[in-house]
There are 2 protein chains.
Amino acid sequence: MDRKLLFRNFVHFMANVHQITNDMTKDAKTEDITQVQYKILEYITVSQSVTITEISDCLHVSLPNTSRELRKLIEKNLCKKVSDESDRRKYYIQLTEKGNALMEEAFRKIQLQFDERIKHLTDEELQEINKAVEVLQQKIFS
Amino acid sequence: MDRKLLFRNFVHFMANVHQITNDMTKDAKTEDITQVQYKILEYITVSQSVTITEISDCLHVSLPNTSRELRKLIEKNLCKKVSDESDRRKYYIQLTEKGNALMEEAFRKIQLQFDERIKHLTDEELQEINKAVEVLQQKIFS
DNA sequence: GTAGTTAGTTGTCAAATGATAATTGTTTTT
DNA sequence: AAAAACAATTATCATTTGACAACTAACTAC
């Protein structure tokens, strides 16, 4: 396997992924939240319960800035802090009902766009796609 | 094929792609350029010769803002404007030698990270990955 | 040839994001 | 028990990015 070629294909692929997902998530945000705030909510959504430092590390946003954005999200009643009983310096961040509803709505909209993209495909092709996602997920993005 | 499940896998996959590519491109920028400026250079790199409006459209940056960022990139001697002979309102944007060198360096660094990720894989697995990328590229991101 | 459209520019303002220093309260180490 | 390390916050400032209005120059259609 020509690794140089693989890399080129991969880079091109990644650029496309970014562009398309930008398109798809563009109108997904109903509420008045910023891009970073959306990313934070998304991260909380897929990770369920996370500390503030974890959010900061994974999203590459400094701890002070993460703290600031979380304050805004909490003010908007989209998430809440839960104190860790065994280490009272820590807080776990969780979505509120409102936050959950917001993200579900966002995902619903993204799914509409996604469905639009795959609507002309056969069941076989969909399985092929699912397989491809699994492969990449497992071999590269794990 | 369960479309709901496919979508969930896909969303999770996209989130991972974003995170990993962020990691990979984080240190790729040698020069003193901003995120948006890097995106523009990347787009010019993969697309070869593009107009300002095309850049604006594809990257979802308004025309005035695209124009401004391009001015900065041109001042930094990373790209240049070439007038379209048949329509003198238009300009094609191309990388300068310096810009080309910058992007090659960036890609080299990204490739290092990429190689790190795939170094333990067999040739068969690499071909599997290449196939997966092709499938997604063709069926979804085209 | 004139009205309308298109490609791009300039200038300005507000908001979002990034960076950093100083501080508080808690836990761990020694 | 003091010192060091850790999690998070607050405050402040610079930079980046986004949005919009007004403009120029070139092209198109009628």
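All values derive from a computational prediction rather than experimental measurement. In what follows, chains are A, B, ... by sequence order, proteins preceding strands, each numbered from 1.
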Salt bridge flag under 4.0 Å for residues A:K4 and A:D2 = no
Integer-rounded Å distance: C:dT26 C1' and A:E85 CD | 14 Å
Give B:I52 one of three labels, base, sugar-phosphate or nothing, depending on what nucleic acid heavy atoms sit under 4.0 Å from its own.
-> sugar-phosphate
Among the nucleotides C:dT9, D:dG18, C:dT26, whichever has the atom closest to the side chain of B:V61 is D:dG18
Separation of D:dA25 atom P from B:K81 atom NZ, nearest Å, is 14 Å
Is there a donor on the side chain of A:R89 or the base of D:dC6 sitting less than 3.5 Å from an acceptor on the other?
-> yes
Closest to the 5' end of DNA chain C, once A:S86 and A:R68 are matched to their nearest nucleotides, is A:R68
Could you check how far CZ of B:R88 sits from P of D:dT24, rounded to whole Å?
-> 18 Å
Taking side chain as C-beta onward, heavy atoms only, is A:Y91 less than 4.5 Å from A:D84?
-> no
Side chain of A:Q35 (C-beta onward), nearest among C:dT9, C:dT17, C:dT26 = C:dT17
In whole angstroms, the gap separating P of D:dA11 from CG of A:L63 amounts to 16 Å
Please determine, for the side chain of A:D87, which listed nucleotide (C:dT27, D:dT9, D:dT17) has the closest atom?
-> C:dT27
Distance, rounded to the nearest Å, where A:E54 contributes CD and D:dC6 contributes P | 16 Å
Indicate yes or no for a side-chain donor-acceptor contact from A:E69 to the backbone of A:T66 under 3.5 Å, with no hydrogens or angles considered.
-> no
Record whether the side chain of B:N65 comes under 3.5 Å of the base of D:dA19 through a donor-acceptor pair of N or O atoms.
-> yes
Value in whole Å for how far the P atom of D:dT17 lies from CG of B:L70 | 13 Å
Length of the NZ-C1' vector between B:K90 and D:dT24, whole Å = 18 Å
Under 4.0 Å between a side-chain N/O of B:K72 and OP1 or OP2 of D:dT17, yes or no?
-> no
Does atom CD of A:E75 have more than 12 heavy-atom neighbours from other groups under 6.0 Å away?
-> yes
Select base, sugar-phosphate, or nothing to describe what B:K39 touches, counting heavy atoms under 4.0 Å on all strands.
-> nothing
Using side chain to side chain donor-acceptor pair (under 3.5 Å) as the criterion, point out the one residue from B:Q111, B:E104, B:E105 that pairs with B:R108.
-> B:E105
Separation of D:dG18 C1' from B:I55 CD1 (nearest whole Å) = 18 Å
For A:T34 and C:dT17, is the shortest distance between a side-chain N/O and OP1 or OP2 below 4.0 Å?
-> yes
Would you say A:T53 reaches D:dA8's phosphate, i.e. side-chain N/O to OP1/OP2 under 4.0 Å?
-> yes
